[in-house]
Structures are given as structure tokens and as C-alpha cells.
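Positions are given from 1, in the same order as the sequence printed here. Whatever order the structure lists ligands and atoms in, that order sets their numbers, starting from 1.
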Amino acid sequence: MKKIGVLTSGGDSPGMNAAVRAAVRKGLYLGMEVYGIQRGYEGLLDGEIEKLQRHSVGDILQRGGTVLRTARSERFRTDEGQEHAVRMLETFGIEGLVVIGGDGSLAGGLELSKRGIRVMGVPGTIDNDLGYTDYTIGFDTAVNTVLSLISNIRDTSSAHERTTIIEVMGRNCGDIALHAGLGGGADVILVPEVAADLNEVCRKVIRGQQSGKLHSIIVKAEGVGISTQELTELIEDRTGRETRAVVPGYIQRGGTPSARDRMLASLTATKAVELLYDDTDSRAVGICGNEIVAYELEKALGMKREFDRKLYELADVLA
Ligand code: F6P
């Protein structure tokens, strides 16, 4: 394969730029032409495609966001959109793609691969919700961002003797909440994978108060059924302690990527380009243990993510 394209798609995540850099530089190293596609599948449909050089990706390794920009494309979801995308790739002579994004983006890649384009998926999402890989690019940075927020919130919560609920992202996956909650010593962690017992949540807060704790920290994943506002009111009402909610939102998606995310991005994107170079059929690249893995794309997308119950129980023991 001589000409490849690279795009970032869906919600941005810290480390996407490191992945773009690695894909471009490895491709050039192997003697391929590498094209950057702007704004994900949206830009592909509009032909926003430009040949990249080594210097095109200079000084981006440490930056959050994505220099290629990103989008969630409605047009690409249709058959016509996908066929148009294939024609656009043919127009530019692009034979294979590196798609950096989450499950929706990789599912889009699968549609292209069914139409004859070789697609290598690189897991770029803060959510850590892909079944085939232990970690996704951006997750570690997002967890660290939340950890630093928890530290700040502890100070003010203690000063005011409050309960604070921190609502974190992750869609239907509780991993950001679990890892940040465990690392940040949260009193309660609420995730979509485990049904919340609100009476038990209130009992924990009350027991904490009775044992002299100055504050309670609750980390709640956004995918948990009850709204954060409703939960805040319920806890304040039942425990009699002032309760506040903090929703860091997109702060979790920005910032300079952690060392782990830079490594994961560099290793997975490099592998994706090697697979294209070898004319391998479409794959999703990830990490399992300390090994970089590449599963057949359709199979990878069908793999179910297992929630780490043991870690969840440990967080409860340590709280
Ligand atoms: O998938 C990443 C993510 O940040 C989720 O955690 C969140 O639910 C969603 O994207 C927000 O999407 P948008 O950027 O469209 O508001």
C-alpha cells in the first residue's frame, strides 16, 4: 500500500495528536504518502484531504484536542454517505485509512471496510468503553484531570463540611468514575454497571458524618440513571448536610496528554500503519496487558467490555 489517510472522529481525546503524529511519521518512514483528512468523516465527504509531511505534525505531541479536528457526521451514517466516502477516497487514490476514535468511529470504519477500503482502528476516546482493548487513548489523562479536581474539591468540602457530588463523563461506561474515585479516595462511586442503592449511599454519608468526617465525596458517572440534580437534593434532604454538585464536563476532554496516553497513542497508531503497509485486512488496534493487539475489526467491535467488579469492591473497602 502506498497512499494512506488518517482521520480523527467523534469526541476528541487527549493523545489523538500523538496518534496522528505517529501515523504520519511511521507512514513516511515506510515510504508511503500520508494524507490528513479534516473533521473526521464529515471532512472525508467534503474532500478536505491534504498531503502531510513530517513537519506537518511537528510540535503537536503534547497538545490536547486534534489538529485534524473532529466531528460526529450524520451524513456518513447513510448508505449514500458511505458510498460517497469511498468514491472520495478513490478520487484521492487513498487505499487505506487510520481511523482514530471511539466505538461509533470504528463502526463507521467497518462500513468502509465492507466497501473495500482497508481500515485500521485506533482507540481514541476518554470513555474507555471499547471491549477489545484494556485502555483507550485519553482515558488516563481524563482520570488524572478528575483526580486533580477531587483534590481541590476535598479542600473546600472540608472547609464547609459539605457533601460534594462530582459527575464525570464516560457515557454508559463507569471507568472514569471508578478509576478517579478509587485514586481520589471517594466515599461513594456510582457507575452505570452497578445498580445504585440510594439508601446505602445516604447511610454511608451519615456514617461518615458520625465518625467525624468533615466531608463526603461522591463520584458519579454520567450514565447512572438518576440525574445529578435529583441526587444532590435527595442526599441533602436525607442527611441534613449541605450537598453540592460539580460537573467538570469538557474539561475532562482537554489538556496535555499523560505519558501513558502518549505511549498508547504512539504504539497503536504505529501498529495501524504497519498493518496497512502489509496489506492486512481491517483491524482494530489496542492494548491487552502489555501487548499491542490487533483484532479483526468486526470481531473487535463485537467484544463486550467487562466491568471490573473487583476494583469497584476494593474502592468500597478502602473508602
Ligand atoms: O465520548 C466522549 C464523550 O465526552 C462522552 O463521555 C460524553 O458523553 C460525550 O462524549 C459528549 O458528547 P458531545 O461532545 O457530543 O457533547
Side-chain angles (χ1 to χ4, degrees), residues 7-20 38-43 63-77 99-110 121-150 165-181 184 189-193 219-229 231 245-258 260-261 264-265 268 284 286 300-301 303-305 307-308:
L7 62 82
T8 51
S9 164
D12 65 319
S13 70
M16 276 186 163
N17 278 328
V20 171
Q38 295 280 320
R39 295 167 49 240
Y41 295 118
E42 233 2 57
R63 284 161 58 187
T66 159
V67 292
L68 292 178
R69 291 183 280 148
T70 185
R72 300 189 198 279
S73 176
E74 282 306 317
R75 285 190 290 158
F76 182 73
R77 287 180 204 275
V99 171
I100 305 163
D103 56 351
S105 307
L106 301 200
L110 178 61
V122 171
T125 167
I126 62 166
D127 296 340
N128 211 36
D129 59 350
L130 293 169
Y132 78 90
T133 180
D134 289 350
Y135 293 105
T136 58
I137 300 162
F139 170 69
D140 185 60
T141 308
V143 167
N144 280 300
T145 300
V146 176
L147 271 181
S148 112
L149 291 174
I150 292 176
I165 302 169
I166 304 158
E167 181 197 292
V168 301
M169 281 186 165
R171 272 184 210 282
N172 298 317
C173 179
D175 278 13
I176 296 179
L178 174 59
H179 287 243
I189 300 171
L190 297 173
V191 294
E193 293 89 343
V219 179
K220 170 187 178 282
E222 65 178 354
V224 171
I226 184 168
S227 84
T228 300
Q229 181 61 31
L231 183 66
V246 176
V247 184
Y250 297 105
I251 291 170
Q252 295 159 91
R253 288 230 302 251
T256 187
S258 67
R260 271 183 79 168
D261 279 331
L264 182 60
T268 50
L301 290 174
M303 288 163 80
K304 202 176 154 340
R305 178 145 195 90
F307 181 70
D308 194 339

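In terms of heavy atoms, N172 sits closest to E193 at O-OE2, 3.7 Å. Taking every heavy atom of both residues into account, Y41 and G108 meet most closely at OH-C, 3.5 Å.
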Carefully, step by step, assess R305 and D129 under the rule salt bridge (charged side-chain N to carboxylate O under 4.0 Å, His left out). CA-CA 7 Å; R305 178 145 195 90; D129 59 350; over 6 Å; no

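E222 places a side-chain N or O within donor-acceptor distance of the main-chain N or O of G170, the cut-off being under 3.5 Å. Checked by atom type and distance alone, the side chain of S13 never pairs as donor or acceptor with a backbone atom of I126 at under 3.5 Å.
A heavy-atom separation below 4.0 Å is not found between G102 and ligand 1. In this structure, R72 has a heavy atom closer than 4.0 Å to ligand 1.
The G170 neighbourhood of ligand 1 comprises atoms 6 (O), with distances under 4.0 Å to a heavy atom of that residue. For ligand 1 and E222, the ligand atoms under 4.0 Å from any heavy atom of the residue are 5 (C), 6 (O), 7 (C), 8 (O). For ligand 1 and Y250, the ligand atoms under 4.0 Å from any heavy atom of the residue are 13 (P), 14 (O), 16 (O).
Summary of contacts: the protein heavy atom closest to atom 3 (C) of ligand 1 is R253 NH1, 3.4 Å. For atom 5 (C) of ligand 1, the nearest protein heavy atom (residue, atom name, distance) is D127 OD1, 3.4 Å.
Looking only at side-chain heavy atoms (C-beta outward), T141 and N144 stay at 4.5 Å or farther from each other.
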